[in-house]
Structures are given as C-alpha cells and as structure tokens.
Protein chains: 4
Amino acid sequence: MEFQVDVASRVPIYRQLRSQIRQAVARARLQPGEQLPSVRELSSRLVVNPNTIARVYTELEREGVLNTRPGLGVFVAELKNDTTKKSRQQRFQQLLDEFLTEAVHLGLSDDDVLESVAKGVKKFAWQTQ
Amino acid sequence: MEFQVDVASRVPIYRQLRSQIRQAVARARLQPGEQLPSVRELSSRLVVNPNTIARVYTELEREGVLNTRPGLGVFVAELKNDTTKKSRQQRFQQLLDEFLTEAVHLGLSDDDVLESVAKGVKKFAWQTQ
Amino acid sequence: MEFQVDVASRVPIYRQLRSQIRQAVARARLQPGEQLPSVRELSSRLVVNPNTIARVYTELEREGVLNTRPGLGVFVAELKNDTTKKSRQQRFQQLLDEFLTEAVHLGLSDDDVLESVAKGVKKFAWQTQ
Amino acid sequence: MEFQVDVASRVPIYRQLRSQIRQAVARARLQPGEQLPSVRELSSRLVVNPNTIARVYTELEREGVLNTRPGLGVFVAELKNDTTKKSRQQRFQQLLDEFLTEAVHLGLSDDDVLESVAKGVKKFAWQTQ
DNA sequence: GTGGTCTAGACCACC
DNA sequence: GTGGTCTAGACCACT
C-alpha cells in the first residue's frame with residue numbers, strides 16, 4: 001500500500017492517514033488479515049513523527065478497523081458492526097445529508113450526483129449480507 | 001428557522017451552525033434574499049457567545065452563501081460558483097469517496113446506498129442549469 | 001520579515017498585517033515554504049492580541065496565501081488560482097479602474113502613471129506562465 | 001449620470017457611491033461645474049436612506065471633489081490638490097504597490113498589467129499640467 | 001438597531 | 001512548543 005501525506009493540507013496528518021486506511025479497506029485494497037507496515041517503518045517512509053502513526057493505528061483499532069497483535073504487528077480486521085442498526089442508520093443519514101448539501105453548493109445537478117454515485121459504488125467492496 | 005447546538009459535541013459550535021445553515025440553504029428551507037436572525041438574537045437564543053455567531057456568518061459570507069449588510073442584517077445570497085470546474089470536480093470526487101468509504105464501514109450494501117441517494121436527492125434544491 | 005502596525009490608523013490591524021504579508025509574498029520577500037513567526041511571537045513583538053494575529057493567518061490561509069499546520073506553524077503556500085479566469089479578469093478590471101481614478105484625483109499625468117507602473121512592475125515576482 | 005448600488009456587496013453603500021462619483025469625475029463623465037442630483041432625488045431613485053446620500057456628498061466636499069452651494073445644490077468642483085507633492089507621491093506609491101500586489105495574486109503576468117494599464121489610461125481625464 | 005474589530009484570558013488539539 | 005476554539009466585554013461603523 002502506498003500512503004501519502006499532504007503537509008500543506010489543513011487536515012491533520014493523523015486524519016489523512018486514518019481516512020486513507022479506512023478507504024483502502026473499504027475498496028478492498030487492504031484485505032482482512034493483511035499486515036500493515038510497522039509504526040517505525042511507516043514513520044520513516046512518510047517522514048512523520050512515530051507518535052502520529054501510533055495514534056492512527058490506535059484509533060483505527062478502537063474503531064474496529066485494525067487489530068494489533070503484540071509482538072507480531074498490525075493487521076486489517078474483519079469488517080464488523082457492533083453498534084445498533086438504528087444508530088448506524090442515523091449516522092448514514094447524516095453523512096448523506098452533508099454529502100448532498102455540499103453537492104448542491106458545488107453547483108452539481110441531481111443527475112450528476114446519481115450518475116457519479118452509481119459509478120463510484122462499483123469500486124468499493126460492499127459486504128455480502 | 002430552528003437551529004440547534006450541542007455543546008457536548010466534539011464538533012466546534014461554529015461548525016455545527018455553519019453546516020446547519022449550509023444544509024438549510026441547500027434544501028431551500030432558507031431562500032435567497034431571506035434574512036437570518038441577528039447576531040445578538042441568535043446568540044441569546046442559543047446561549048452562545050455573539051462572537052461565535054458572528055464568525056459563522058463571516059465564514060459563510062466568504063463562502064458566498066450569505067451576504068451581510070452592516071446596519072441591516074444578514075441575508076441568504078444567490079447561489080453562484082466562482083471556482084473552476086476542475087477544482088469543483090476534484091472536491092466532489094473526494095467527498096464522494098469519503099462518503100462511500102463510510103457507507104462500507106457502516107455495513108451498508110451498494111443497493112442501500114443507491115436507494116438512499118435516489119430518495120435523498122429529491123429533498124434538495126438543485127440549481128437549474 | 002519586518003512587520004509594522006499603526007494602531008492610530010483607521011485601517012484595522014488585521015488588514016494592515018494581511019496586506020503586508022500579501023505584498024511580501026508578491027514581492028518574493030517571503031518565499032513559498034518559508035515559515036512565518038508564530039502567533040504568540042508576532043503577537044508579543046507587535047503588542048497585538050494573539051487572536052488578531054491568528055485571524056490574519058486564518059484569512060490568508062483561506063485566500064490560499066498561507067498554509068497552517070497545527071503543531072508546526074504557518075508557512076507560505078505555493079501560488080495557485082482556483083477561481084475562474086472570468087471572475088479574476090473582472091476583479092482586475094475593477095482594481096485597475098479604482099487605481100486610475102485615484103491617480104487622476106492625485107493630479108498625476110498619464111505619463112507619470114505609465115512610467116511608475118513600468119518601474120514598479122520590476123520589483124514584483126510574476127508567475128511564469 | 002447613472003448610479004448603482006449593489007446591496008449584496010460587502011462594500012458599504014456610501015463607499016460604493018463615493019467611488020462611483022470619484023470615478024465619474026476622473027473619467028470626465030461628470031464635468032467641473034456640473035450639478036449632481038439632490039439628496040432627496042438620489043435617495044428615492046436608489047432607494048437608499050437620505051442620510052447615506054448626504055454623507056457621501058459631505059465626504060466628497062471635504063475631499064474637494066464636490067462643492068455644496070446652499071439653496072442651489074451640489075456641484076462638481078474644479079480638480080485641485082491642496083496636499084503636498086511629497087504626501088501625494090507617497091500615497092500614489094502605496095496605491096501602486098497594493099494594485100501590483102493584487103495583480104500578482106490574481107496570477108497575471110507583468111505584460112498583462114502593462115498592457116491593461118496602457119489601455120485603461122486612455123479612458124481617464126488627466127489634468128494638463 | 002445592525003455587524004465589525006479588538007482585547008484578555010481560558011482550554012483543547014496537534015506534533 | 002504549535003494553532004484552534006470559545007467566552008466576556010468594550011468600542012466603533014453603518015443604516
């Protein structure tokens with residue numbers, strides 16, 4: 001996996017990395033069980049403070065995206081959902097509203113959005129239910 | 001318009017309010033030309049410092065969502081886009097990727113997403129092009 | 001970099017500082033990537049409230065002139081233009097009209113203006129296109 | 001003379017009008033001795049508070065651009081410069097620096113600027129010295 | 001009445 | 001250490 005940090009961005013480095021990993025998992029570029037680079041390696045590769053990398057891994061573990069096996073390394077977890085269906089639906093509705101709000105402000109049409117979503121959806125790895 | 005702030009949230013108050021107003025405009029609940037509550041009124045209604053409200057209005061003005069006329073009040077602006085098409089498309093692609101990433105992590109299926117977007121799209125006020 | 005504020009001026013402090021930084025960048029006295037003084041340092045050096053300095057940096061970031069990296073500091077950004085060519089031309093025409101209007105009222109001749117512009121232009125760092 | 005106020009603009013109405021009149025004089029669309037509309041007439045034509053119009057005329061009189069002849073009306077003054085040459089040069093240098101700074105940030109080239117100035121200069125009414 | 005600016009000082013997030 | 005957010009309260013500019 002290639003990771004990139006944009007130091008010029010307003011988004012904190014740890015957030016950039018966190019979302020890149022989340023997105024790689026969602027796109028199945030990182031498969032469950034796959035090992036991630038060590039804190040030390042990624043830190044030197046990206047020229048980023050090791051504490052920052054450690055923070056990313058810790059947060060993603062808390063979110064259930066990664067598993068740390070002490071002495072072995074950090075691995076992609078199986079996708080799972082421990083929160084209730086209701087709270088997940090609420091969260092999704094909120095994300096959808098924010099997404100559509102920005103689309104309107106960017107001057108897109110509803111057809112643009114529907115088309116882009118239909119196209120984008122194919123590149124992600126949806127759970128078989 | 002009803003506005004709400006959750007002081008317990010980790011999201012800064014000014015951002016909560018900003019999104020609410022952006023969303024109200026995108027949904028046409030706030031119409032171009034319509035006046036918003038004064039800084040002082042909203043500040044006392046929400047029990048939030050006037051500076052914080054003023055900041056929200058200032059930022060939204062800079063984003064082209066509101067117009068403020070000192071001495072008169074704050075009003076909803078006409079929608080317009082000064083940024084280049086290319087940078088808007090880039091921004092939209094980024095938003096779409098983040099949106100779909102979270103949808104995967106929330107355990108939704110592609111059909112869920114397509115359906116929800118198709119439904120959600122109808123409640124927003126798309127620019128006629 | 002030397003910065004100066006005139007508290008007696010009717011021009012708000014944050015605007016004085018903002019123009020000075022914009023001009024330093026345009027004259028290449030501040031180079032892309034170069035670090036600016038910290039909010040606290042500049043605030044104590046100029047005897048101005050830290051919030052006021054922070055505001056200057058925040059606005060210039062939004063204008064694309066600076067990049068701030070929380071925890072690291074504030075840096076000069078690469079020059080870039082996100083706005084459409086049309087809106088930039090309109091803006092320039094407006095600036096030109098205002099500039100020439102004032103020149104007439106100051107009693108200059110057209111030759112004075114052309115000569116001064118030709119001379120002044122050399123001291124600025126124009127983008128190579 | 002046609003005057004226009006843009007209520008959506010961030011620029012205060014009295015400043016918009018003031019610069020329009022200054023520009024009209026500089027372009028010789030308003031000639032010395034020519035009468036301006038009365039406060040009352042302009043106020044009702046532009047749907048602007050009479051106090052605001054009165055303020056514009058008062059300021060322009062103080063700047064030497066207009067003359068009020070009580071009972072008769074407001075007239076365009078002869079162009080004159082009471083400030084010292086040195087202070088006028090300083091002021092012009094400052095305007096020029098600001099103008100060129102913005103031109104750089106708008107992404108223009110030095111040739112663009114020189115060409116536009118050469119073209120723009122022809123439309124203004126320079127004093128014969 | 002409206003919003004805009006500035007100060008003082010607190011607390012948090014990031015690296 | 002860095003910047004970001006928020007409060008409290010003062011004073012000014014605009015209509």
Side-chain angles (χ1 to χ4, degrees), chain A residues 5 7 9-17 43 46-56 59, chain B residues 5 7 9-18 35-43 46-59 61 66-75, chain C residues 5 7 9-18 35-43 46-59 61 66-75, chain D residues 5 7 9-17 43 46-56 59:
Chain A
V5 293
V7 289
S9 162
R10 292 223 62 216
V11 182
I13 292 173
Y14 88 96
R15 271 177 192 269
Q16 293 182 39
L17 274 175
S43 134
L46 299 176
V47 196
V48 161
N49 192 305
N51 289 332
T52 305
I53 308 289
R55 175 175 185 178
V56 173
E59 290 206 1
Chain B
V5 293
V7 287
S9 162
R10 284 139 40 274
V11 181
I13 294 173
Y14 87 95
R15 272 179 191 272
Q16 294 180 38
L17 269 175
R18 193 179 60 170
Q35 185 165 12
L36 278 89
S38 79
V39 170
R40 287 158 173 80
E41 190 207 324
L42 195 52
S43 135
L46 299 176
V47 195
V48 161
N49 189 289
N51 281 336
T52 305
I53 308 290
R55 176 175 185 179
V56 174
Y57 285 173
T58 307
E59 292 209 357
E61 164 138 45
L66 302 180
N67 287 139
T68 118
R69 288 132 84 179
L72 286 180
V74 177
F75 303 81
Chain C
V5 293
V7 288
S9 161
R10 283 137 42 273
V11 180
I13 293 174
Y14 86 96
R15 273 180 191 272
Q16 294 180 38
L17 269 175
R18 192 178 62 169
Q35 183 164 12
L36 278 90
S38 80
V39 169
R40 287 158 174 82
E41 190 207 323
L42 195 52
S43 135
L46 299 177
V47 196
V48 161
N49 190 289
N51 282 337
T52 305
I53 308 290
R55 175 174 187 179
V56 174
Y57 285 173
T58 307
E59 293 209 357
E61 163 138 45
L66 303 180
N67 287 139
T68 118
R69 290 131 85 179
L72 286 180
V74 178
F75 303 81
Chain D
V5 293
V7 289
S9 162
R10 293 226 60 214
V11 181
I13 293 174
Y14 87 95
R15 271 178 193 269
Q16 293 181 39
L17 273 176
S43 134
L46 299 176
V47 194
V48 160
N49 192 306
N51 289 333
T52 305
I53 308 289
R55 176 175 182 176
V56 174
E59 290 206 1

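In the text below, chain A, chain B and the rest are named by the order of the sequence lines, each starting its count at 1.
A sub-4.0 Å separation between OP1 or OP2 of E:dG1 and a side-chain N or O of B:S38 is absent. A close approach under 4.0 Å does not occur between any side-chain nitrogen or oxygen of C:Y14 and OP1 or OP2 of E:dC6. Between C:T68 and the phosphate of F:dG4, there is a side-chain N or O to OP1/OP2 separation shorter than 4.0 Å.
For C:T52, counting side-chain heavy atoms from C-beta on, the closest listed nucleotide (F:dG4, F:dC14, E:dC6) is E:dC6. Here E:dT2 is the nucleotide among E:dC6, E:dT2, F:dT5 with the atom lying nearest to any side-chain atom of B:R40. Distances were taken from every side-chain heavy atom of B:P12 (C-beta onward) to each of F:dC14, E:dC6, F:dC6; the shortest belongs to F:dC6.
Spacing between atom CD of B:Q16 and atom C1' of F:dT5 amounts to 12 Å, rounded to whole angstrom units. Rounded to a whole Å, the CD1 atom of B:I53 is 15 Å from the C1' atom of F:dA8. Across the protein-nucleic acid pair, C:L66 atom CG and F:dT2 atom C1' stand 15 Å apart, rounded to whole Å. For the pair C:N49 CG and F:dG4 P, the interatomic distance rounds to 15 Å; values are reported in whole Å. B:R55 has its CZ atom 4 Å from the P atom of F:dT5, to the nearest Å. When the C1' atom of E:dC14 is taken as reference, atom CZ of B:R10 falls 15 Å away, rounded to whole Å. Rounded to whole angstrom, the span from the CG atom of B:L72 across to the P atom of F:dA13 amounts to 18 Å.
Base pairing of E:dG3 is made with F:dC12, judged by Watson-Crick or G-U wobble geometry with both donor-acceptor distances under 3.5 Å.
A 4.5 Å side-chain heavy-atom check between A:L46 and A:L17 finds at least one atom pair inside the cut-off.
Between C:R69 and B:V47, the residue anchored closer to the 5' end of DNA chain F is C:R69, taking for each the nucleotide with the nearest heavy atom. Residues C:L36 and B:I13 each lie close to DNA chain F; by heavy-atom proximity, the contact nearer the 5' end of the strand is made by C:L36.
The residue D:V48 sits apart from the nucleic acid: no heavy atom pair falls under 4.0 Å.
For C:N51 and F:dG4, a side-chain-to-base donor-acceptor distance below 3.5 Å is absent, hydrogens and geometry of angles not being considered.
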